[in-house]
Amino acid sequence: MPDAISLQTTAKSGEAKASSRATLADPRRATRLVLAIFLGPALLVYCGLTAYPAFRTIYDSFFTIEGMDATFVGLGNYRDLMGDETFWVAVRNTFIWSFVAPVIDVATGLLLALALYAGVPFARFLRVAWFTPVLLSYVVVAILWMWIYNYDWGVLNVMLRAVGLGDLASSWLGDPNLALAAVIVTHAWKWAGFNMVVCLAAIHSLPKEVLEASDLDNCGWGAKLRYIIVPMLRPTLLSLYILSFIGKMKVFDLVWIMTQGGPLWATETVSTYVYKRAFNWNTFDLGYPSAIATVWFLVVCAAVIILNRVLGSRERLEY
């Protein structure tokens with residue numbers, strides 16, 4: 001009997017140890033202490049640098065803040081915002097950025113990826129050259145393209161004059177009708193390489209049987225692109241568009257360095273307007289720009305949800 005009891009005790013202790021090891025190995029059964037140890041640092045950084053500033057911005061939007069003094073105004077900042085003409089100009093420019101520029105970015109990246117996939121000469125060099133702008137900072141890109149757009153000695157105007165199209169030479173960043181398009185082209189040049197890499201990887205993952213069958217049917221590149229490649233790349237292209245859309249809704253760096261929202265508000269975005277109202281115009285009121293930031297945060301969230309619903313495909317392609 002004592003031997004049987006000792007064997008049962010040993011078996012139970014062994015099962016307990018095995019259960020504890022399984023608990024530690026399976027994250028779904030981890031103890032609260034283990035979860036706190038692993039999630040604690042990340043949660044602290046998130047709360048301190050993301051959650052708290054976001055909630056504080058929403059809270060400040062109900063006040064007029066001058067220095068250390070805060071006066072509660074309720075929805076007063078939001079009412080003033082509805083009648084702010086500059087804000088609506090910034091909204092219009094930002095929406096143009098957000099809906100038009102991603103199409104240019106994704107289309108350019110897709111075309112570059114197709115060129116590499118088709119085996120253009122110097123493909124290895126071109127792959128590196130086309131991706132290099134992604135690695136450059138916005139400061140470098142902005143200064144580079146400000147030189148290109150210079151009216152007197154910029155490369156663009158010099159080339160136009162050299163080929164006899166001097167009448168088309170313009171002050172690209174000084175003309176209110178051209179400034180926004182010029183900055184959008186600069187932004188597309190920077191990010192086309194990123195879209196190219198993603199599209200190229202997606203193209204290489206397509207089933208070779210389908211592409212080979214199209215070649216056997218003498219399907220040209222145009223028809224192959226329209227009826228085979230683009231439909232099968234639709235989820236990837238939509239993901240790139242939505243990511244680009246979110247980035248354009250928050251665009252600040254490039255615009256601020258190249259034009260600071262000018263000329264005559266032609267390139268003003270919501271982000272640059274918030275910065276001006278908070279720090280650049282010496283209005284000493286952080287409540288009003290907080291209201292702008294809060295409204296735009298809600299607009300971005302709503303726009304992303306709507307885009308996912310409208311553009312999201314209900315039919316999944318399996319290959």
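What you see below is based on every heavy atom in this structure, not just the backbone, and it leaves out hydrogens, waters and symmetry mates.
- Between W256 and F252, the two ring planes are parallel [angle under 30°; tilted spans 30° to 60°].
- For the pair I184 and I96, the tightest heavy-atom approach, listed with the atom from each and the gap, is CD1-CG2, 4.4 Å.
- Considering CD1 of I203 and CE of M196, their distance stands at 11.0 Å, rounded to 0.5 Å.
- In this structure, M258 CE and L144 CG are separated by 9.0 Å, a value rounded to the nearest 0.5 Å.
- Nearest heavy atoms, P263 versus D175: CG-C, 4.0 Å.
- Side chain of N77 to main chain of S61: a donor-acceptor pair is present (N/O by atom type, distance under 3.5 Å, no hydrogens or angles).
- Ring-plane geometry between Y78 and F62 is classed as tilted, the angle between the planes lying from 30 to 60 degrees on a 0 to 90 degree scale.
- Rounded to the nearest 0.5 Å, atoms CG (L200) and CG (N195) are 12.5 Å apart.
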What verdict does the side chain to side chain contact (heavy atoms under 4.5 Å, CB included) test give for V183 and W97, after you've listed the backbone C-alpha separation in whole Å, the side-chain angles of each residue and the deciding distance to 0.1 Å?
CA-CA 10 Å; V183 181; W97 264 85; 3.3 Å; yes
If you apply the rule side chain to side chain contact (heavy atoms under 4.5 Å, CB included), what do you find for W189 with V185, and how did you get there?
CA-CA 6 Å; W189 176 82; V185 169; 5.5 Å; no
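- Within a 6.0 Å sphere centred on CG of D167, other residues, nucleotides and ligands contribute 12 heavy atoms or fewer.
- Clustering of Ile, Leu, Val, Met, Phe, Trp and Tyr side chains at separations under 4.5 Å places L298 together with F297.
- Taking hydrophobic clusters as Ile, Leu, Val, Met, Phe, Trp and Tyr residues chained together by side-chain heavy-atom distances below 4.5 Å, V141 shares a cluster with L135.
- In this structure, F194 places its CZ atom where only 12 or fewer heavy-atom neighbours from other residues, nucleotides or ligands lie under 6.0 Å away.
- Closest approach of S271 and V251 over heavy atoms only: CB-O, 3.4 Å.
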Worked check of side chain to side chain contact (heavy atoms under 4.5 Å, CB included) between L233 and L110:
CA-CA 10 Å; L233 292 181; L110 178 60; 3.9 Å; yes
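- Annotation: the span from L156 atom CG to L168 atom CG amounts to 9.5 Å, rounded to 0.5 Å.
- Looking only at side-chain heavy atoms (C-beta outward), V163 and M159 stay at 4.5 Å or farther from each other.
- Under 3.5 Å, the side chains of N157 and W172 contain a donor-acceptor pair of N or O atoms.
- Hydrophobic clustering (side-chain heavy atoms under 4.5 Å, transitive across Ile, Leu, Val, Met, Phe, Trp, Tyr) keeps I229 apart from L111.
- No side-chain N or O of T86 forms a donor-acceptor pair with one of Y273 less than 3.5 Å apart.
- T50 places no side-chain N or O within 3.5 Å of a backbone atom of C47 that could act as its donor or acceptor partner.
- Taking CE from M146 and CG from L173, the interatomic distance works out to 7.0 Å, rounded to the nearest 0.5 Å.
- Listed by first and then second residue, the ring pair (Phe, Tyr, Trp, His ring centres under 6.0 Å) pairs involving residues 33-59 are Y59-F63 (not counting sequence neighbours).
- Side chains of R92 and V89 form a contact here, defined as non-hydrogen atoms less than 4.5 Å apart.
- Within the 4.5 Å cutoff, side-chain heavy atoms of H187 are placed close to those of Y138.
- When all heavy atoms are compared, the tightest approach of M249 to T94 is O-CG2, 3.8 Å.
- Taken from CG in D285 to CG in D69, the straight-line distance is 11.5 Å, to the nearest 0.5 Å.
- Heavy atoms only, all atoms of each residue included: A115 and V120 are closest at O-CG1, 3.1 Å.
- Between the side chains of S290 and T57, no donor N or O sits under 3.5 Å from an acceptor N or O.
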Any chance you could lay out the side chain to side chain contact (heavy atoms under 4.5 Å, CB included) test for T259 and L180, step after step, and finish with the verdict?
CA-CA 9 Å; T259 63; L180 183 61; over 6 Å; no
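- Surrounding CZ of F125 are at most 12 heavy atoms belonging to other residues, nucleotides or ligands under 6.0 Å away.
- R277 and D84 are joined by a salt bridge, as a carboxylate oxygen and a charged side-chain nitrogen come within less than 4.0 angstrom of each other.
- Checked by atom type, the side-chain pair D105/Y241 shows no donor-acceptor distance below 3.5 Å.
- No more than 12 heavy atoms of other residues, nucleotides or ligands lie within 6.0 Å of CZ in R226, so this atom counts as exposed by the packing criterion.
- A chain of hydrophobic side-chain contacts below 4.5 Å, direct or via other Ile, Leu, Val, Met, Phe, Trp or Tyr residues, connects F95 to W88.
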Walk me through whether T272 and K276 qualify under side-chain hydrogen bond (donor to acceptor under 3.5 Å, both in side chains).
CA-CA 6 Å; T272 59; K276 288 180 179 179; 5.5 Å; no
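- K248 contributes no side-chain N or O that, together with a main-chain N or O of F99, makes up a donor-acceptor pair within less than 3.5 Å.
- The ring-ring contact (aromatic ring centres under 6.0 Å, His included) check on Y117 picks up H204, with sequence neighbours excluded.
- Taking the side chain as every heavy atom from C-beta outward, L286 and D60 never approach each other to under 4.5 Å.
- When all heavy atoms of L240 and C199 are compared, the pair lying nearest together is CD1-SG, 3.7 Å.
- Clustering ILVMFWY residues whenever any of their side-chain heavy atoms sit less than 4.5 angstrom apart, transitively, puts W147 in the very cluster that holds I257.
- Under a hydrophobic-cluster definition in which Ile, Leu, Val, Met, Phe, Trp and Tyr are linked whenever side-chain heavy atoms come within less than 4.5 Å, directly or via other members, L243 and V299 are assigned to different clusters.
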